[in-house]
Amino acid sequence: MVHLQPLPGTPFHRGVGVEQILATAVESARALRDGGASGCLVQTVDRVYAPGEETDPARIAALSLIVRAVVEATGPGFEVGVQLMRTAARASLAVAKVAGGSFVRVSALVGATMTASGLVQADPLGVMEYRSKINAWDVKIIADVASMHYQWFGGGKDVGEVAQSARQAGADAVAVGAPDESETLDLIARVRAAAPHLPIILAGYTHHGNAAQLLAADAGADGAFVGTCLESEGWGSAIDVEKVKTYMQLIGDAP
């Protein structure tokens with residue numbers, strides 16, 4: 001994860017300019033690359049969000065500059081993802097396509113989820129129509145199906161069913177995660193049973209103490225979005241390359 005400070009066009013963009021946000025993002029992305037990670041997700045963290053697709057043009061412009069700088073700084077072979085929170089999937093696709101990103105993360109591709117910002121309702125048809133319009137089929141979509149950002153509104157639908165729906169709607173992979181490791185492994189198992197060939201990414205809650213278990217070859221996920229445990233001074237600070245190296249070593253030693 002490359003967490004960004006609040007961007008222009010949002011209420012809490014105060015005191016930290018775009019140039020500084022960009023420089024920190026580039027530094028963090030390079031640390032991830034040098035530490036052995038295969039890519040990064042550049043994520044806006046603007047504190048308050050609209051529950052729909054709308055987002056300020058200044059925010060999109062700033063993120064495009066940042067993502068392009070990250071792509072250029074890390075070079076070929078390093079995957080760079082985009083996520084305009086809360087659920088600006090079209091804008092995320094646009095930034096990734098124009099700035100050279102390779103994937104987006106979408107909090108709500110199918111169904112709906114209740115958040116602090118209100119009810120977030122998915123629009124898979126609209127997202128896929130826009131993906132086609134800008135010819136962004138080369139930009140992969142990772143859809144949250146059970147995570148801190150998404151829970152099927154109203155309950156009653158197994159995570160495997162949600163994953164199948166996301167795949168049907170155009171997702172290339174899904175993201176799952178829970179604070180409890182055993183619950184996360186259960187989510188992974190249920191998605192595997194319902195959609196055996198669909199890649200699964202850990203949607204947070206991973207750290208040096210549980211990485212080997214959650215990414216084990218026999219029952220774990222295929223990859224992970226990793227944030228706080230790699231940051232030098234806690235959430236939102238720059239990535240520490242030595243923490244990345246240690247994390248990657250733990251994964252390499254997993255059975």
Does the Thr184 side chain pair with the main chain of Ala178, one donor and one acceptor, at a distance under 3.5 Å? yes
Counting heavy atoms not belonging to Glu72, are there more than 12 under 6.0 Å from its CD? yes
Between the side chain of Ser107 and the main-chain N/O of Arg86, is any donor-acceptor distance below 3.5 Å? yes
Between Thr44 and Tyr49, is any side-chain donor less than 3.5 angstrom from a side-chain acceptor? no
Please check if Ile201 and Val174 belong to a single hydrophobic cluster, counting links between Ile, Leu, Val, Met, Phe, Trp and Tyr side chain heavy atoms closer than 4.5 Å. no
Quick check against the 3.5 Å criterion: does Asn210 have a side-chain atom that pairs as donor or acceptor with the backbone of Tyr205? yes
For a 4.5 angstrom cut-off between non-hydrogen side-chain atoms, does Cys40 reach Val80? yes
For the pair Asp123 (side chain) and Gly126 (backbone), establish whether a donor and an acceptor sit closer than 3.5 Å, ignoring hydrogens and angles. yes
Nearest 0.5 Å, please: how far is SG in Cys229 from CE in Met1? 12.0 Å
Exam field: side chain Asp46 to backbone Met85, donor-acceptor pair closer than 3.5 Å: no
Close side-chain approach of Arg68 to Val98, heavy-atom, < 4.5 Å: no
Using modelled atom types only, decide if a donor and an acceptor are shared between the side chain of Glu53 and the backbone of Arg90 within a distance under 3.5 Å. yes
Restricting to non-hydrogen atoms, name the atom on Val191 and the atom on Ala163 that form the minimum distance, rounded to 0.1 Å. CG1-CB, 3.9 Å
Find out whether His208 and Lys243 are in side-chain contact, i.e. whether some heavy atom of one side chain is under 4.5 Å from a heavy atom of the other. yes
Cluster question for you: counting only ILVMFWY and a side-chain heavy-atom cut-off of under 4.5 Å, with indirect links fine, are Leu109 and Met114 together? no
Work out which heavy atom in Leu215 is nearest to a heavy atom in Ala221; give both atom names and the distance. CD2-O, 3.5 Å
Heavy-atom check, side chain of Asp186 versus side chain of Arg190, under 4.5 Å: yes
Taking Gln164 for the side chain and Ala194 for the main chain, is one N or O donor matched with an acceptor at less than 3.5 Å? yes
Nearest 0.5 Å, please: how far is CD1 in Ile142 from CD1 in Ile200? 12.0 Å
Between Pro8 and Val18, is any pair of side-chain heavy atoms under 4.5 Å apart? yes
Worked verdict on Leu63 versus Leu4 for side chain to side chain contact (heavy atoms under 4.5 Å, CB included): CA-CA 9 Å; Leu63 186 60; Leu4 303 181; 3.5 Å; yes
Show your working on side chain to side chain contact (heavy atoms under 4.5 Å, CB included) between Asp144 and Arg105 and close with a plain yes or no. CA-CA 7 Å; Asp144 281 55; Arg105 181 180 178 185; 2.8 Å; yes
Between Arg59 and Thr10, the two heavy atoms sitting closest are CD-CG2, 3.6 Å
Considering only heavy atoms from C-beta outward, does the side chain of His3 approach that of Glu231 to under 4.5 Å? yes
Please examine the side chains of Thr87 and Thr115, heavy atoms only from C-beta on, and report whether any two atoms are closer than 4.5 Å. no
Which atom names give the shortest non-hydrogen contact between Leu198 and Ala171, and what distance separates them? CD1-O, 4.2 Å
Hey, what do you get for CG (Leu32) to CD (Glu79), rounding to the nearest 0.5 Å? 13.5 Å
Smallest separation among heavy atoms of Ala29 and Val2, with atom names: N-CG2, 4.3 Å
Starting at NE2 of His13, measure out to CG of Asp56 and round the result to the nearest 0.5 Å. 11.0 Å
Within one Ile-Leu-Val-Met-Phe-Trp-Tyr cluster: Leu187 and Met148, side-chain cutoff 4.5 Å: no
Test item: Tyr150 side-chain N/O and Val110 main-chain N/O as donor-acceptor pair under 3.5 Å: yes
Indicate the ring-plane relationship of Phe225 and Phe103, choosing parallel, tilted or perpendicular according to the 30° and 60° boundaries. parallel
Value rounded to 0.5 Å, distance of CG in Leu7 from OG1 in Thr55: 8.5 Å
So do Val42 and Ile66 actually touch side chain to side chain, heavy atoms under 4.5 Å? yes
Just by modelled atom types, is the Pro11 backbone N or O under 3.5 Å from a matching donor or acceptor in the Arg47 side chain? no
Are more than 12 heavy atoms from other residues, nucleotides or ligands located less than 6.0 Å from atom CD of Glu54? yes
So does Lys133 pair up with Glu129, basic N to acidic O under 4.0 Å? no
Taken to the nearest 0.5 Å, the spacing of Ser102 OG from Lys97 NZ works out to 12.0 Å
Is there a path of hydrophobic side-chain contacts, each under 4.5 Å between heavy atoms of I, L, V, M, F, W or Y residues, that connects Val71 with Leu84? yes
Quick check: closest heavy atoms across Pro124 and Ala122, and the distance to 0.1 Å? CD-C, 3.6 Å
Would Leu214 and Glu181 count as a side chain to side chain contact (heavy atoms under 4.5 Å, CB included) here? Give the steps. CA-CA 7 Å; Leu214 295 179; Glu181 287 89 355; 4.2 Å; yes
Would Val26 and Leu230 show up in the same hydrophobic cluster when neighbours are defined by side-chain heavy atoms closer than 4.5 Å? yes
Whether Ser132 side chain and Met128 backbone form a donor-acceptor pair below 3.5 Å: no
